[in-house]
Amino acid sequence: LGMFSELKFPVPWGHVAAKAWGPSEGHPVLCLHGWLDNANTFDKLIPLLPRDCYYVAMDFSGHGWSSHRPAGSPYHFLDYVSDVRRVVAALQWRRFTLMGHSMGGSVAGMFCFLYPEMVDKLILLENLGFLLASEDTEAWLKSKRIVIDRLLSLEAKQQTPKARSPEAALQRLLEANRHLTAEGGAILLQRGATETPAG
């Protein structure tokens with residue numbers, strides 16, 4: 001398990017980098033590093049672990065060899081959970097073990113709250129845990145899972161914008177916004193649409 005391979009997963013702002021050890025057909029284990037660390041956090045630990053697992057240690061966005069988010073974009077905790085969901089989707093893992101160190105443990109814990117059906121085991125290394133007030137838990141979890149799932153669904157469906165005639169663009173805008181008048185829609189399209197040779 002001393003040998004590893006480098007992986008890259010495309011995301012809208014670049015890529016998430018990772019390194020992997022072990023047989024790809026082995027039991028999947030996703031390893032999450034701590035604050036301002038990177039995937040190399042696990043270099044000394046992985047060789048000591050069972051050899052029949054496939055360990056993938058990812059670099060969170062803005063860490064290690066992963067792309068930084070665009071300038072001016074904050075790094076919210078839930079965004080790291082979304083990064084995990086993106087990597088798991090790219091790996092096509094349905095059920096796996098999560099191992100997190102420090103901040104990675106908190107991300108792993110939140111991921112388990114949101115997607116319990118995907119995680120068979122949770123391993124926390126030097127982690128404080130993740131707490132929610134019991135009266136808020138169900139509604140919070142439901143709303144956050146919806147946000148992440150919709151975001152990933154939109155990213156998967158991303159297509160080249162369709163070109164329309166000015167009239168068709170106005171019609172589409174009016175259909176989606178019944179409160180607009182044709183005059184109001186035309187005013188909005190002056191700054192809300194870009195003219196190209198195709199439309």
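Reckoned from all heavy atoms, side chains included, excluding hydrogens, waters and symmetry mates.
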For this session: For Trp93, enumerate each residue passing the ring-ring contact (aromatic ring centres under 6.0 Å, His included) test, keeping only those at least two apart in sequence or located in another chain.
Result: Phe96
Exercise. Any salt bridge (Lys or Arg N to Asp or Glu O under 4.0 Å) pairs touching residues 61-83, not counting sequence neighbours?
Worked result: Arg69-Asp83, Asp83-Arg86
Exercise. Shortest non-hydrogen contact from Val56 to Ala20?
Worked result: CG2-CB, 4.0 Å
Problem set entry | Residues that Ser24 engages under side-chain contact (heavy atoms from CB on, under 4.5 Å), provided they are two or more places apart | Tyr54
For this session: Using side-chain contact (heavy atoms from CB on, under 4.5 Å) as the criterion, list what pairs up with Lys144, not counting sequence neighbours.
Result: Leu78, Leu114, Trp140
Exercise. Residues in side-chain contact (heavy atoms from CB on, under 4.5 Å) with Leu122, at least two apart?
Worked result: Leu98, Ala108, Cys112, Leu124
Exercise. Restricting to pairs with a member in residues 87-116, which pass salt bridge (Lys or Arg N to Asp or Glu O under 4.0 Å), not counting sequence neighbours?
Worked result: none
Exercise. Asp120: what forms a salt bridge (Lys or Arg N to Asp or Glu O under 4.0 Å) with it, not counting sequence neighbours?
Worked result: none
Seminar exercise, completed: salt bridge (Lys or Arg N to Asp or Glu O under 4.0 Å) pairs touching residues 33-45, sequence neighbours excluded, are Lys19-Asp43
Give the table of side-chain donor-acceptor pairs shorter than 3.5 Å for residues 192-199, with sequence neighbours excluded, one pair per line with atom names and distance.
unit_1 : atom_1 : unit_2 : atom_2 : d
Thr196 : OG1    : Ala198 : N      : 3.3
Thr196 : OG1    : Gly199 : N      : 3.3
Thr196 : OG1    : Gly199 : O      : 2.9

Problem set entry | Non-neighbouring partners of His101 that pass ring-ring contact (aromatic ring centres under 6.0 Å, His included), sequence neighbours left out | none
Problem set entry | Gln92: partners by side-chain contact (heavy atoms from CB on, under 4.5 Å), with sequence neighbours left out | none
For this session: Just do the side chain to side chain contact (heavy atoms under 4.5 Å, CB included) check on Val88 and Tyr115 with the steps written out, would you?
Result: CA-CA 11 Å; Val88 170; Tyr115 300 96; over 6 Å; no
For this session: For the pair His63 and Tyr75, name the ring-plane relationship: parallel under 30°, tilted 30 to 60°, perpendicular over 60°.
Result: perpendicular
Listed pairs under 3.5 Å, donor-acceptor, residues 174-187 side chains, sequence neighbours left out:
unit_1 : atom_1 : unit_2 : atom_2 : d
Glu175 : OE2    : Gln171 : NE2    : 3.3
Asn177 : ND2    : Leu173 : O      : 3.0
Thr181 : OG1    : Gly184 : N      : 3.0

Exercise. Looking only at heavy atoms, which two atoms of Trp21 and Ala57 are closest? And how far apart?
Worked result: CZ3-CB, 3.7 Å
